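Input: a single structure, listed below in structure tokens.
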Amino acid sequence: ITGFSLSIMKNKKMMIACPLSYGTTKNGRDIAAELSRSGYKVSLFDTDKRSLSLDIIPKPLRNTQYDRRCADYLNQALVKAISQSPVDVLFIVKPVNIYAETLALINAMGVITCCYWIDDPRDFPRAIKNSHGFSLCFTNDKNTVEKYRAEGVNAHYLPSAVDSQTFRPLNTSKRYPVSFI
């Protein structure tokens with residue numbers, strides 16, 4: 001990664017915060033899998049985490065306070081998880097529901113905080129609003145790095161990850177000249 005070396009993190013504990021539910025983006029889980037296979041100490045935190053009392057509310061009955069209550073719970077749960085099992089690095093994929101106060105508290109614990117935006121440049125306005133306060137900001141769009149830096153964010157390019165155990169060349173015979181997957 002340009003300007004940042006993962007080798008210094010080899011003996012550090014990392015937490016990757018990302019959606020863990022099926023049907024959501026797998027970028028965070030893929031990054032965690034590859035880092036674990038490479039010898040890094042990685043734990044996962046589910047950013048889809050909600051309290052049972054919120055989780056059981058049917059979608060048609062959710063009001064305007066529902067999203068705020070879910071975000072409140074997520075932020076409290078993240079701080080609690082880091083307090084109970086300290087980490088050196090927190091890497092959050094699309095931290096849209098992470099409050100600035102939560103980030104400041106985690107930074108004060110001595111944790112290196114990283115955000116990763118996977119929808120740039122399309123989601124740049126929301127990303128830039130939520131990127132200040134992180135130690136490092138990563139984007140999967142090379143052309144957006146300078147836009148982040150112009151806004152005072154310590155940004156670096158990080159291509160989207162893939163789980164090499166799942167996505168790999170197959171030893172099969174060629175049946176068709178072109179295939180679409």
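Heavy atoms only: backbone and side chains are in, while hydrogens, waters and symmetry mates are out. Everything numeric here is computed off the predicted structure, so don't read it as measured data.
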So, does T102 use its side chain to make a donor-acceptor pair with the main chain of N75 at under 3.5 Å? no

Just so I know, are the side chains of M109 and S83 near enough to count as touching, which here means a heavy-atom distance under 4.5 Å? yes

Heavy-atom distance under 4.5 Å between the side chains of V111 and N107, does that happen here? no

Please report the C-alpha distance between D46 and K49 in whole Å, then the side-chain angles of each, then the deciding distance to 0.1 Å, and finally whether the salt bridge (Lys or Arg N to Asp or Glu O under 4.0 Å) criterion is met. CA-CA 5 Å; D46 188 4; K49 187 180 281 277; over 6 Å; no

Residues which pass side chain to side chain donor-acceptor pair (under 3.5 Å) with N130, listed by chain and number, not counting sequence neighbours: none

Please answer: with hydrophobic residues joined when any side-chain heavy atoms are less than 4.5 Å apart, are L105 and L103 in the same cluster? yes

Side chain of N154, backbone of R149: donor and acceptor closer than 3.5 Å? no

Aromatic plane relationship, Y116 with F138 - under 30° parallel, 30 to 60° tilted, over 60° perpendicular: perpendicular

Compare all side-chain heavy atoms of L74 with those of F45 and state whether any distance is below 4.5 angstrom. yes

Check: D30 side chain, A33 main-chain N or O, donor-acceptor pair, under 3.5 Å: no

Flag, side chain of Y66 to backbone of I57, donor-acceptor distance under 3.5 Å: no

Connected via hydrophobic side-chain network under 4.5 Å: L158 and V89: yes

One should read off an interatomic distance between I128 CD1 and C137 SG, to the nearest 0.5 angstrom, of 7.0 Å

With distance as the sole test, does N140 use its side chain to make a donor-acceptor pair with the main-chain N or O of P159 at under 3.5 Å? no

Residues Y99, D72; criterion side chain to side chain contact (heavy atoms under 4.5 Å, CB included); working and verdict: CA-CA 9 Å; Y99 301 147; D72 290 347; 2.5 Å; yes

I want to check something: taking the side chain as every heavy atom from C-beta on, are R126 and V96 in contact at a cut-off of under 4.5 Å? yes

Min side-chain heavy-atom separation D88-I112 under 4.5 Å: no

Give the minimum heavy-atom separation between L20 and R29, together with the two atoms involved. CD2-CG, 3.6 Å

Check for a donor-acceptor pair, side chain of T113 on one end and backbone N or O of F134 on the other, with a separation under 3.5 Å. no

Has D120 got a side-chain atom pairing as donor or acceptor with T144's backbone, closer than 3.5 angstrom? no

Just verifying a value: how many Å separate T47 OG1 and I98 CD1, rounded to the nearest 0.5 Å? 7.5 Å

Is the shortest heavy-atom distance from the side chain of C115 to the side chain of F91 under 4.5 Å? no

Would a hydrophobic clustering, with Ile, Leu, Val, Met, Phe, Trp and Tyr connected at side-chain separations under 4.5 Å, put I118 with I31? yes

Side-chain donor/acceptor of S85 to backbone N/O of A81, under 3.5 Å: no

By side chain to side chain donor-acceptor pair (under 3.5 Å) - contacts of S36 (at least two apart): none

Verdict with supporting geometry, D119 and R122, salt bridge (Lys or Arg N to Asp or Glu O under 4.0 Å): CA-CA 6 Å; D119 291 332; R122 187 186 58 151; 3.4 Å; yes

With salt bridge (Lys or Arg N to Asp or Glu O under 4.0 Å) as the test, would you mind laying out the steps for D55 and R50 before giving the verdict? CA-CA 6 Å; D55 211 23; R50 291 187 285 251; 3.2 Å; yes

Non-hydrogen atoms of T139 and Y148 that approach each other most closely: CB-CE1, 3.9 Å

What are the two closest non-hydrogen atoms of L44 and A32, and how far apart are they? CD2-CB, 3.6 Å

Are V153 and Y157 in one and the same hydrophobic cluster, where Ile, Leu, Val, Met, Phe, Trp and Tyr link if side-chain heavy atoms are under 4.5 Å apart? no

Identify the heavy atoms of M15 and L78 that sit nearest to each other, and give their distance. SD-CD1, 3.9 Å

Side-chain touch D123/K94, heavy atoms, less than 4.5 angstrom: yes

For the residue pair I16 and G28, what are the closest heavy atoms and their distance? CG2-O, 3.8 Å

Any chance you could measure Q65, atom CD, to L54, atom CG, to the nearest 0.5 Å? 11.5 Å

At what distance, to the nearest 0.5 angstrom, does OG of S43 lie from CE of M14? 9.5 Å

Shared ILVMFWY cluster between L90 and V79, side chains joined below 4.5 angstrom? yes

Measure from NZ or CZ of K12 to the centre of the six-membered ring of Y40 and say whether it is under 6.0 Å with the direction within 45° of the ring axis. no

